[in-house]
Amino acid sequence: MKQSVKLVAGNWKMNGLGASLDEVEALRAALDKEPAACRVALCPPATLVERMARAAAGSTIEIGGQDCRAETHGAFTGDVSAPMLKDAGATLVILGHSERRQGHAESDLLVSAKVEAALTAGLEPVVCVGETLDQREAGRAVDVVRSQILASLPLALRGRDFAVAYEPVWAIGTGLTPTLDQIEEVHRAVRAAMIERLGLAVAATPILYGGSVKPDNAADILAVPEVGGALVGGASLKAADFLGIIRGA
């Protein structure tokens, strides 16, 4: 299992064209010269997965997808299956991101089914949880993420490589960031819920923090107890910015 080091993963979301692969080449060159102390992954849109996997081949950069269908194949126009991502060169996949939960009405049950599909295809799931601003202000952040963990993590994860990413919905792309104490509180709650669901074997499974992670705040966030890495949005689109975060791990 690969939980002994932090994981810093970049989520490109719906950004990136062929010309954007120059950023991957720049990141690769920098990491070849000075290897990272953490695992590094990039999750581009599906149109770039295969090309990015080729660009990163032979390097330490891992390539992932941003979502997958629970089914392996079928009449699901526009969707991408876990085996398709694996075939394109992906080794991991983000699942249950708030932009899927909120914008596509994805339930915990659906996220769990997608996690099982990813495992079957040989992909490492990165399962996202997080509260909205209303839930945070109502004092329900810990209860919300605990509920998401218990319902989104299938028992099939026992003994498998995976990560959980805590992303407060209100901090994604807003420039707002929870305090370090708030981050620690929720990460500890996530850990407790993971152990409740899957047992002590997940005591070292990485819990990433996501939500306006930038080079100037990454080192402080990554030093918080129970923070096992970062899921980075916009700051992962430029090699220089992403490197600033990686070097803080």
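For clarity, every value in this text was computed on a predicted model and none was experimentally measured.
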**Item:** Derivation and outcome, side chain to side chain contact (heavy atoms under 4.5 Å, CB included), residues I63 and V49
**Value:** CA-CA 7 Å; I63 304 303; V49 169; 4.2 Å; yes
**Item:** R101 and S152 side chains, donor-acceptor separation under 3.5 Å
**Value:** yes
**Request:** Assign the ring pair H187 / Y209 to parallel, tilted or perpendicular, where the plane angle (0 to 90°) is split at 30° and 60°.
**Result:** tilted
**Prompt:** Which one of E185, E184, E226 satisfies the salt bridge (charged side-chain N to carboxylate O under 4.0 Å, His left out) criterion with R191?
**Reply:** E226
**Prompt:** Does one side chain, of E131 or W170, offer a donor that lies under 3.5 Å from an acceptor on the other?
**Reply:** yes
**Message:** Quick check: closest heavy atoms across Q66 and W12, and the distance to 0.1 Å?
**Reply:** NE2-C, 3.8 Å
**Worked check of side chain to side chain contact (heavy atoms under 4.5 Å, CB included) between V186 and V129** = CA-CA 10 Å; V186 178; V129 298; over 6 Å; no
**salt bridge (Lys or Arg N to Asp or Glu O under 4.0 Å) partners of K214, counting only residues at least two apart** = none
**Asked** If you count the non-hydrogen atoms of other residues, nucleotides and ligands that lie under 6.0 Å from CG in L17, is the total more than 12?
**Response** no
**Message:** Within the 4.5 Å heavy-atom criterion, are V126 and L208 side-chain neighbours or not?
**Reply:** yes
**Request:** Please answer whether the main-chain N or O of A55 pairs with a side-chain N or O of R28 as donor and acceptor at a distance below 3.5 Å.
**Result:** yes
**Asked** Going through the distances and angles, do R146 and E196 end up as a salt bridge (Lys or Arg N to Asp or Glu O under 4.0 Å)?
**Response** CA-CA 10 Å; R146 178 180 178 276; E196 178 182 350; 2.7 Å; yes
**Prompt:** Going by the salt bridge (charged side-chain N to carboxylate O under 4.0 Å, His left out) test, which pairs reach into residues 109-120, not counting sequence neighbours?
**Reply:** D67-K114, E106-K114
**Over 12 foreign heavy atoms within 6.0 Å of NE2, H73** = no
**Asked** Is there a donor-acceptor pair closer than 3.5 Å between any side-chain N or O of K13 and the backbone N or O of G233?
**Response** no
**Prompt:** Rounded to the nearest 0.5 Å, what separation is found between the CG atom of N15 and the OG atom of S20?
**Reply:** 8.0 Å
**H97 and E167: side chain donor to acceptor below 3.5 Å** = yes
**Prompt:** Looking at side-chain heavy atoms only, is the closest gap between S112 and V115 below 4.5 Å?
**Reply:** no
